[in-house]
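These notes are about the structure you will find just below.
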Amino acid sequence: MKLEDIFPFPSGFLSIYLHKGPLKNDQIVQEFHTKNLIVANASKFMAKRMRPGTSWGAGITHLEVGTGVGDGTLQNPQAPSSLQTVLRTALARKPITSWTYLDTNGQATSTETNILQLTTTFLENEANGSLVEMGMFGGDATNTLGSGQIFNYKTVPVINKTNEYQLTFTWKITF
């Protein structure tokens, strides 16, 4: 029996919305809903955060997006690897704008649960380009691209973000 069968790793689910103006159903131009990859180093990140006396900084604090396709194409970027430590070609980074606990029905709650939803929106003038990769970072992460500890990583078919659109990421992580 594997250790992960006894102690399951966190799992994640990602929703991405390319939209005009504030996020509303009638303004969505493109959307994705997919499981995401919690990278191998995420368990080290969580262990460091749990150990008393360590100074590993904050939890998950930033979302980074990029244009790196690896060995793939814009429509089919190279599959994500659990060994990912940075984005292939980072383009933009922004602090997470909200953290919300969710109940087992996916509803926001003020009660602490094992499900955390993190949301970030890039405005019209931010992160413009042919986006295919994204990851959340924490620990000693700053606004500097690639800084901190990557927690999860995902690739998707190209999202062509221009100054005409906003781009919202809603990442749900179950611990």
If you define the side chain from C-beta out and look only at heavy atoms, does anything of [X] sit under 4.5 Å from [Y]?
| X | Y | value |
| --- | --- | --- |
| W171 | S15 | no |
| Q30 | I159 | yes |
| Q27 | Q166 | no |
| F13 | T34 | no |
| I16 | T168 | no |
| T121 | L23 | no |
| D103 | I115 | no |

Joint hydrophobic cluster, [X] plus [Y], side-chain heavy atoms closer than 4.5 Å:
| X | Y | result |
| --- | --- | --- |
| M134 | V132 | no |
| L118 | F32 | yes |
| I96 | L131 | yes |

If you take all heavy atoms of [X] and [Y], which pair is closest and at what distance?
| X | Y | result |
| --- | --- | --- |
| T61 | A141 | OG1-CB, 3.7 Å |
| L14 | F169 | CD1-CD2, 4.2 Å |
| I150 | Q84 | CG2-O, 3.5 Å |
| Y153 | P80 | CD2-CB, 3.4 Å |
| F137 | S147 | CD2-O, 3.5 Å |
| N160 | Y165 | O-CD1, 4.4 Å |

Item to complete: Taking atom types as modelled, find out whether H62 and E64 have a side-chain donor-acceptor pair closer than 3.5 angstrom.
Response: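 H62 vs E64: no donor-acceptor pair found between side chains.
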
To the closest 0.5 Å, what do you measure between [atom1] ([X]) and [atom2] ([Y])?
| X | Y | atom1 | atom2 | value |
| --- | --- | --- | --- | --- |
| E133 | T67 | CD | OG1 | 6.5 Å |
| Q117 | L102 | CD | CG | 4.5 Å |
| N152 | K35 | CG | NZ | 13.0 Å |
| I173 | N114 | CD1 | CG | 11.5 Å |
| L91 | K161 | CG | NZ | 10.0 Å |
| T170 | Y17 | OG1 | OH | 6.0 Å |

Is it true that a side-chain atom of [X] and a backbone atom of [Y] form a donor plus acceptor pair closer than 3.5 Å?
| X | Y | value |
| --- | --- | --- |
| T155 | A79 | no |
| W99 | I60 | yes |
| E124 | N163 | no |

Item to complete: Take V65 and F122 through the side chain to side chain contact (heavy atoms under 4.5 Å, CB included) test and state the conclusion after the steps.
Response: CA-CA 10 Å; V65 294; F122 288 94; 3.9 Å; yes

Discussion item. Could you walk me through whether L18 and E31 satisfy the side chain to side chain contact (heavy atoms under 4.5 Å, CB included) test, starting with their C-alpha distance in whole Å, then the side-chain angles of each, then the deciding distance to 0.1 Å, before giving a yes or no?
Written reply: CA-CA 6 Å; L18 183 67; E31 65 184 281; over 6 Å; no

Practice prompt. Tell me, please, which residues at least two apart from E126 pass salt bridge (charged side-chain N to carboxylate O under 4.0 Å, His left out).
Written response: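 Only K94 meet the salt bridge (charged side-chain N to carboxylate O under 4.0 Å, His left out) criterion with E126.
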
